[in-house]
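Remarks on the structure that follows.
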Amino acid sequence: MHIGNLRTALYCYLYARRHKGIFILRIEDTDQERFVPGATEIIYQTLQECGMTHEEGPDTGGKYGPYVQSQRKDIYLRYAKRLVQLGGAYYCFCSKERLETLAEEQSGANGEKTYKKYDKHCLHLPKEEIKRRLAAGEPYVIRQNIPLSGTSSYTDLVFGEISVDFSDIEDNILIKSDGLPTYNFANVVDDHLMKISHVFRGSEYLSSTPKYNLIYDTFKWERPQYIHLPLIMRDAQHKLSKRHGDANFDDFIKKGYLPEAIVNYIALLGWSPGDNREKLSFAELIAAFDIAGISKSGSIFDEPKLRWLNAQYLKELSPEEFNRRAIPFYEQSKVKNKYDYAKLSALLQSRAEILSDIPDAVDFLEEFGDFDNALYLNQKQKVDAAVAKAALTALIPAVEAISDWSLTTIHDSVSAFAETSGFKKGQLLWSARIAVTGRASTPGGAFEMFDLLGKPETLRRLKYSLERL
RNA sequence: GGCUCCAUGGUCAAGCGGUUAAGACACCGCCCUUUCACGGCGGUUACAGGAGUUCGAACCUCCUUGGAGUCACCA
């Protein structure tokens, strides 16, 4: 599920909960060409992982089913015919070829792109001819009959008053030649039949909503409240797209983000509770959600901030829970089955921002070799390669002398040695940590690294690195 | 291109005619830990431009500029 869709669902859910409403899941699958096996299951699973439960839907049932549009074909056709009778729509037999010709005729003279608009050709077909062609089984579509002039307006709860001239809207297809409706029609019929009070959707529908309102009006149905949501952008120019491959909920889960963090983050992308809170639980989100806090301008998805939020959620997990979630990532790393995961987790919980940081953070335990001696450089501790060399030379015998290898004995022995060594403790530890890991940043200090590696490996690495200084 | 919409730091954003223009992420610095992080403290950075309305505009109006959406037998 795309992050944008998920946010729309989230706002719907939050609003429904906040106002003791009903959250309905409806599957809009009227485009059989875009059918993706398993897609519905992903929707169920994602909503469940995020804690959004619906009281009506294909799997839960409800009074207004079926909740899958492909199973409501007859309903749409029935209403479409009624709309034709009311003058709000008409049969169209135009071939694809004619429509293409139409587009060419209207193309700009100097090769620039011009946009076509259907010429209402079939609107003027005699009744008898329509009857005859229908009876003959000729393929047809049903088009919406948009007035040639006039203006339509409505009030969006986020954007305010929106008005569009009918002359700017074309006679869109309501029922396709395969008998299924387009979104343009299905959404109106279903929303009415299912008693939908509030329509939350992306702002790409902002200017096509007058078309839908026209249908409501023709049927004399009550129009719903509209809440159009600003787009989520990848950067200032492009909206977050599936094509980038990382805009899906599942991708973030695979990267080791927690559903709670994702939900919290996207809730705040385009909406503000009005106060300074950045980290809100699901219950707090429900209590605080208010349409007035939705912003109008698009927001850029900022992964670093999601990372930070995720780190907050990671830190408040119990050690056991953190370890449980981290295990799959140890399994993907070089330390697989070689280290005590719980011990690693204790070090990593306060350091990892996302779980997929784990393999890289931990691989040095199994992978050690040459590294750039510039890593020893540390202004504050006054360490450079020369100091490191002297420090390591002095430190090695002291490490060799440690009997009973444990975090405590390592700590006590090295600290005691530091007193008499003539080196500052910081110089010793800094040099040792670099020497033993070959990394600037590690999931713990020198003591933890020694403890993790064990005495033989620690000494081997200390000597190996010293030789190269 | 027509139409619709949008415009506060690099990013998310508060602000609703009188504010030293919040807060968060990121970045930088300091402290803590004589080691990596975490954490704490502090700092740099914003009202797109121009007219108008007003005693007074980030807030209201208009224009300009920039950006987005849309113009399918997709949703």
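Labels below follow one simple rule: chain letters A, B, ... track the order of the sequence lines, proteins then strands, and each chain is numbered from 1.
- Taking R78(A) as the reference, I75(A) meet the side-chain contact (heavy atoms from CB on, under 4.5 Å) condition, with sequence neighbours excluded.
- For the side-chain hydrogen bond (donor to acceptor under 3.5 Å, both in side chains) condition, the pairs that include at least one residue of residues 164-175 of chain A, sequence neighbours left out, are Y90(A)-D171(A), K120(A)-D171(A), T151(A)-D165(A), N172(A)-K211(A).
- Under a 4.0 Å N-O distance rule, the pair R98(A)/D119(A) qualifies as a salt bridge.
- For E284(A), the side-chain contact (heavy atoms from CB on, under 4.5 Å) partners at least two apart in sequence or on another chain are R277(A), L280(A), S281(A).
- In this structure, K96(A) does not pair ionically with E100(A), as no charged nitrogen and carboxylate oxygen lie closer than 4.0 Å.
- OP1 or OP2 of rC6(B) has not a single side-chain nitrogen or oxygen of K239(A) nearer than 4.0 Å.
- Evaluation of the ring-ring contact (aromatic ring centres under 6.0 Å, His included) test over residues 136-181 of chain A, restricted to residues two or more places apart or in two chains, returns Y91(A)-Y140(A), Y154(A)-Y226(A).
- Contact check, T30(A) against rA75(B): a side-chain N or O comes under 4.0 Å of OP1 or OP2.
- Taking only side-chain nitrogens and oxygens, S299(A) comes nearer than 4.0 Å to OP1 or OP2 of rA13(B).
- Shown for residues 423-438 of chain A: residues whose heavy atoms fall under 4.0 angstrom of RNA chain B, namely K425(A), G426(A), L429(A), W430(A), R433(A).
- The side-chain contact (heavy atoms from CB on, under 4.5 Å) test applied to A391(A) returns F423(A), L428(A), S431(A), not counting sequence neighbours.
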So which protein N/O to nucleotides 21-25 of chain B N/O distances come out below 3.5 Å?
{"residue": "rA22(B)", "atom": "N3", "partner": "N276(A)", "partner atom": "OD1", "Å": "3.0"}
{"residue": "rG23(B)", "atom": "N2", "partner": "E278(A)", "partner atom": "OE2", "Å": "3.2"}
{"residue": "rA24(B)", "atom": "O4'", "partner": "E278(A)", "partner atom": "OE2", "Å": "3.1"}
{"residue": "rA24(B)", "atom": "O2'", "partner": "K305(A)", "partner atom": "NZ", "Å": "3.4"}
{"residue": "rA24(B)", "atom": "N3", "partner": "K305(A)", "partner atom": "NZ", "Å": "3.0"}
{"residue": "rC25(B)", "atom": "OP1", "partner": "W308(A)", "partner atom": "NE1", "Å": "3.4"}
{"residue": "rC25(B)", "atom": "O2'", "partner": "K305(A)", "partner atom": "N", "Å": "3.3"}

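- With rG67(B), rC3(B), rC5(B) as the candidates, the nucleotide lying closest to the side chain of Q237(A) is rG67(B).
- Judged as a salt bridge (charged side-chain N to carboxylate O under 4.0 Å, His left out), not a single pair has a partner in residues 427-442 of chain A (not counting sequence neighbours).
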Quick tally for nucleotides 43-48 of chain B: nucleotides whose base has a protein heavy atom under 4.0 Å get B, sugar-phosphate-only ones S, the rest -, giving ------

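- Within the nucleic acid shown, E170(A) comes within 4.0 Å of sugar-phosphate atoms alone, with no base atom in reach, counting heavy atoms only.
- The base of rC73(B) is not paired with the side chain of T182(A) by any donor and acceptor separated by under 3.5 Å.
- When heavy atoms are screened at a 4.0 angstrom cut-off, S272(A) is found touching the sugar-phosphate backbone but no base atom.
- Remark: S441(A) pairs with no residue by the side-chain contact (heavy atoms from CB on, under 4.5 Å) rule, at least two apart or across chains.
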Donor-acceptor contacts under 3.5 Å from residues 304-311 of chain A side chains, at least two apart:
{"residue": "K305(A)", "atom": "NZ", "partner": "E278(A)", "partner atom": "OE1", "Å": "3.1"}
{"residue": "R307(A)", "atom": "NE", "partner": "E353(A)", "partner atom": "OE1", "Å": "3.0"}
{"residue": "R307(A)", "atom": "NH2", "partner": "D357(A)", "partner atom": "OD1", "Å": "3.0"}
{"residue": "R307(A)", "atom": "NH2", "partner": "D357(A)", "partner atom": "OD2", "Å": "2.7"}
{"residue": "N310(A)", "atom": "OD1", "partner": "L258(A)", "partner atom": "N", "Å": "2.8"}
{"residue": "N310(A)", "atom": "ND2", "partner": "G256(A)", "partner atom": "O", "Å": "3.4"}
{"residue": "N310(A)", "atom": "ND2", "partner": "E353(A)", "partner atom": "O", "Å": "2.8"}

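- Taking only side-chain nitrogens and oxygens, K176(A) never comes nearer than 4.0 Å to OP1 or OP2 of rA72(B).
- Across residues 372-387 of chain A, K380(A), Q381(A) each have a non-hydrogen atom less than 4.0 Å from an atom of RNA chain B (numbered order).
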